[in-house]
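Notes for the one structure printed next.
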Amino acid sequence: MSVVAATRRHESRRARTVTIGLAVALVALFALSLSYGSFQVSLPDVVRSLLGQPTPPQVDYIVQTLRLPRALVGVLAGIAFGLAGAIFQQLLRNPLASPDVIGVTSGATTAAVLSIVVFSTSGPVLSLVALGGALITALLIYLFAWRGGSVGGYRFVLVGIGIGAAMAGLTSFLLTRADVRAAQEALIWLAGSLNGRTWDNVVPLAIASLILVPGAVLLGRPLTGLQLGDDVARGLGLHVERGRLLLLIVGVCLAGTATAAAGPISYIAFMSGPIAARMVGGGRPVLLPAGLVGAVIVLAGDFIGSHLLGPAQFPVGVVTGVIGAPYLLWLLATANRTGRGG
Amino acid sequence: MPDTRVRRAVALTTGLVVLAAALAGAALLSLAVGSQHVPFGTVLEALVHPDDSVRDSLIVTEVRIPRTLIGLLAGFALGLAGAIIQAVTRNPLADPGILGVNAGAGLFVVIGISVFGVTSLTGYVWFGFAGAALAAVVVYTIGSMGRGGATPVKLAIAGTALTAALLSFTTAVLVTDVQTYDQFRFWQVGSLAGRGMDIAKQGTPFLIVGVVIALASARLLNALALGDDVATSLGQNVGVARLVAAAAVVVLCGTATAMAGPLVFVGLVVPHVARIITGPDHRWLLPYAMLLAPLLLLLADVLGRVIAQPGEVQVGVLTAIIGAPVFVALARRRRLAEL
C-alpha cells in the first residue's frame with residue numbers, strides 16, 4: 001500500500017511541477033508577444049502600461065489596443081482548443097478523436113463562413129453563430145453514431161469524418177460565392193489567425209472561458225473512471241452516457257467559441273492532449289496541462305509565423321499545421337505499431 | 001448451371017446497355033439545361049452542324065460540350081478509381097477524397113501553378129499524378145502498419161490526417177499569393193464549369209491509359225478481394241497486382257482531380273451501388289461503376305444549375321452532400337470490413 005501511495009504522491013507532484021512549469025512558460029511567451037514587434041516595447045514599459053501607469057507616447061496604444069487583444073485571444077483560444085481536444089480524446093479513448101479531426105470545428109467554420117460571407121457579421125454574433133454550428137454538428141455526429149445504446153469510439157470518429165467532409169464542401173462553396181478579397185480574408189481566418197484581433201474578439205471568448213474552463217475541470221474529475229471502459233465505469237457507479245454527454249457539450253462549446261475568435265487553428269486540439277499526457281506521465285487525465293500546452297503552442301506559433309519567417313506574415317494555423325502534420329502522421333504510425341489506434 | 005450463368009450475363013449486358021442509354025440522356029440534358037435553356041432540337045442541330053452565328057448553338061459548342069465531356073471523363077475515372085481502391089484495400093469506406101489522394105493532387109497542383117508558373121492542364125496533370133501517388137503511398141503505408149494490416153478505420157483516419165496536413169501546406173502557399181488563390185478556389189470546390197475544350201482534350205490520353213489498365217485488372221482485383229493468402233495460392237503475384245491497381249488509381253484520380261478539382265464521395269458511393277447490381281465480380285463491377293459515376297456527376301451538375309438560379313451550385317458541393325449520408329450509413333454498419 002505504501003508503494004502505491006508513494007507512486008501516487010510522486011505522480012501528483014510531477015503533475016503539479018509540469019503545470020507550474022507550463023504556466024511560467026506561458027507568462028514568458030505572453031510578455032514576449034506584448035513587447036516584441038516592429039516597434040519594441042521594453043518589458044518594464046509593458047508592465048507599466050498594463051498597470052495603468054504613465055508610459056512613453058504610443059506605448060499604451062501599441063500594447064493595449066494592438067498586442068494585448070491578440071495575445072489574449074491566443075492564450076484563451078489555445079486553452080479552449082487544448083481542453084476540448086483532451087476531453088474528446090479521453091472520452092472516446094482515442095488520440096485521433098479531437099474536434100478538429102472529427103468535424104466539429106468544420107461545423108463551426110461552415111457556420112462562421114456563412115455568416116461572414118452572407119451576412120458580414122463579426123464580434124459576439126459571429127461567436128454565437130460558430131458555437132451554434134459546432135453544437136449542431138456535434139449533435140448530428142452523436143445522433144448518427146448512436147447505435148445499440150452507445151456511440152462507440154470508432155463509429156463516432158468515422159461518422160464525424162463523413163459529416164466533416166460534407167461541411168468542408170459547403171465551406172468551399174460559400175467561398176466561391178464571395179468576392180475574391182473577402183474570400184481570401186476568410187481563407188486567412190480559415191487557416192486560424194490572430195491577425196487584427198480586437199477586444200470585440202476577446203470579450204465573448206473570455207466570458208465563455210470563465211464558464212467553460214472551470215466546468216470542464218470539474219466535470220473532468222470522473223474521466224479516470226470513463227477511461228477504464230464503459231462497463232468498468234458503470235460498475236463504479238458512474239452515469240456513463242450522461243457524464244459523457246455533459247463533458248462533450250462543454251468540449252464542443254470550447255471548440256466552437258475558440259473557432260469563432262481565432263479560426264480553426266489546426267492541430268492545437270489534436271496535439272495538446274498527447275503532449276501534456278507525455279509530460280505528466282502515469283496515464284492519468286490531463287485537462288489543465290493540456291489547456292496550458294495549447295496556449296503555449298498558439299502563442300509560440302503566432303510569434304514564429306509573424307516574426308521569424310521573413311517578410312510574409314503567416315497565420316498561426318499554417319505554422320501549427322506544418323508542425324502538427326508530421327507529428328500526427330508519426331502518432332498514427334507509432335499508435336498503429338503497438339496495435340492501438342484501430 | 002451454365003443456363004443461369006448465361007441468363008445472368010445477358011441480364012447484366014442489357015443493364016449496361018440501358019445504363020449507357022441513360023448516360024446519353026443525361027449528357028443531352030446537360031447540354032440543354034442551364035441558365036439559358038436550349039431546346040433539345042437545337043442541341044442536336046448544334047451537335048451536327050455547329051453554327052457560330054446562332055447564340056444557342058454557340059452556347060452548346062463553347063460552354064456545354066466541354067462541361068459535359070469533362071463530367072463524362074471525370075466520372076469514368078472516379079467510378080473506376082473508387083471501385084479499384086475499395087477492392088485493393090478491401091475497405092468499404094475507401095474513396096480518393098477520404099484517403100487524401102485528392103488533397104495530394106491538390107497541393108502539387110497549387111505548387112505547380114504558384115511556384116513553377118504552370119498554366120496548362122498537360123503541365124499540371126503531372127503535378128497531380130505526383131501528388132496523388134505520394135499521398136496514396138503515405139496513407140497506405142501508415143494505415144497498414146501494426147496489427148491487423150490496413151483496416152478501414154486506420155486508412156480512413158490516416159487519410160483524413162494527411163488531408164489536413166496537406167491542406168495546411170496548401171494554405172501556406174495560397175495566403176501569400178492572391179492570383180493563384182483566385183484560380184484555386186474555383187478549382188478546389190470541384191466543378192465542371194469554366195473548363196475549356198482544351199482541358200478535356202489534354203486529359204483524354206491519360207484517361208484512356210488509366211481506363212485500359214483498370215478494366216484489364218478486373219481478374220487481379222477478383223483475386224485480391226479474396227485476401228492475400230487466397231490470391232497467392234491462386235497463383236497471383238499479390239505485390240504486382242497491387243502495383244498495377246495502384247498505378248491505375250493514381251493515373252485516374254490524378255487526371256480527374258486535375259480536370260475537375262477534388263470531387264469527394266463519387267468514388268465512394270458509386271461502387272457500392274454497382275456492387276448491389278452486379279455482385280462482387282469485378283469484370284462486371286468495373287464497367288458498371290465506370291458508367292454509373294458519370295451518370296451521377298452529370299445529373300448532380302444539372303441539378304446544381306437548376307436549384308440556385310440565377311447562380312449555380314458546384315457539382316463538388318452536391319456530391320459531398322449526396323455522399324456524406326452514404327458514408328455515415330456505411331460507418332454505422334456493424335461489420336465494417338465486409339468486402
Side-chain angles (χ1 to χ4, degrees), chain A residues 94 96 100-102 140-141 144-145 147-148 154-155 157-159 161-170 172-173 175-177 180-181 183-184 187-188 190-191 193 266-267 270 312-315 317-322 324-326 328-329 331-342, chain B residues 93 97-98 138 141-148 151-169 171-172 174-176 178 181-182 185-186 188-191 261-262 264-265 311 313-314 316-321 323-332 334 336:
Chain A
N94 183 341
L96 301 168
D100 40 3
V101 176
I102 65 166
L140 279 178
I141 300 173
F144 281 121
R147 180 175 174 153
Y154 273 112
R155 198 162 51 241
V157 176
L158 284 177
V159 169
I161 286 176
I163 290 178
M167 293 294 173
L170 277 177
S172 7
F173 166 67
L175 287 180
T176 62
R177 276 305 170 88
V180 64
R181 258 179 305 174
Q184 210 192 17
L187 181 79
I188 292 175
L190 276 177
S193 166
S266 39
Y267 295 120
F270 166 74
Q313 287 229 346
F314 287 93
V318 168
V319 178
T320 59
V322 170
L328 172 53
L329 293 173
L331 188 77
L332 270 167
T334 51
N336 283 346
R337 199 177 307 133
T338 52
R340 287 179 290 129
Chain B
L93 297 178
I98 294 292
V138 170
T141 314
I142 289 176
S144 58
M145 281 177 174
R147 284 211 301 252
T151 64
V153 172
K154 281 198 287 188
L155 279 178
I157 292 175
T160 313
L162 188 72
T163 303
L166 293 168
L167 279 181
S168 330
F169 284 103
T171 312
L174 290 178
V175 288
T176 52
V178 187
Y181 176 60
D182 201 23
R185 65 180 173 145
F186 288 100
Q188 181 195 31
V189 69
S191 167
V264 202
F265 289 134
V313 179
Q314 285 83 357
V317 177
L318 280 172
T319 56
I321 291 169
V326 179
F327 183 89
V328 169
L330 290 171
R332 279 172 60 84
R334 203 167 289 275
L336 259 181

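We name chains A, B, ... by the order of the sequence lines, and we start the count at 1 in each one.
Put simply, of A/Asp100, A/Ile163, A/Ile102, A/Ile161, the one with the most heavy-atom pairs under 4.5 Å next to chain B is A/Ile161. Most heavy-atom pairs under 4.5 Å with chain B: of the set A/Val319, A/Thr320, A/Val159, this distinction falls to A/Val159. Counting heavy-atom pairs closer than 4.5 Å to chain B, the top residue among A/Gly321, A/Gly164, A/Gly317, A/Ala168 is A/Gly321.
Contact of B/Val326 with chain A is not made at all, since no heavy-atom distance falls under 4.5 Å. Only the side chain of A/Tyr267 comes within contact range of chain B, with heavy atoms under 4.5 Å apart.
Considering every non-hydrogen atom in both A/Ala166 and B/Ala320, the closest pair reads CB-O, 4.1 Å. The two residues A/Phe144 and B/Val328 come nearest to each other via the heavy atoms CB-CG1, 3.8 Å. Between A/Gly162 and B/Phe265, the shortest heavy-atom distance links the atoms O-CZ, 4.0 Å.
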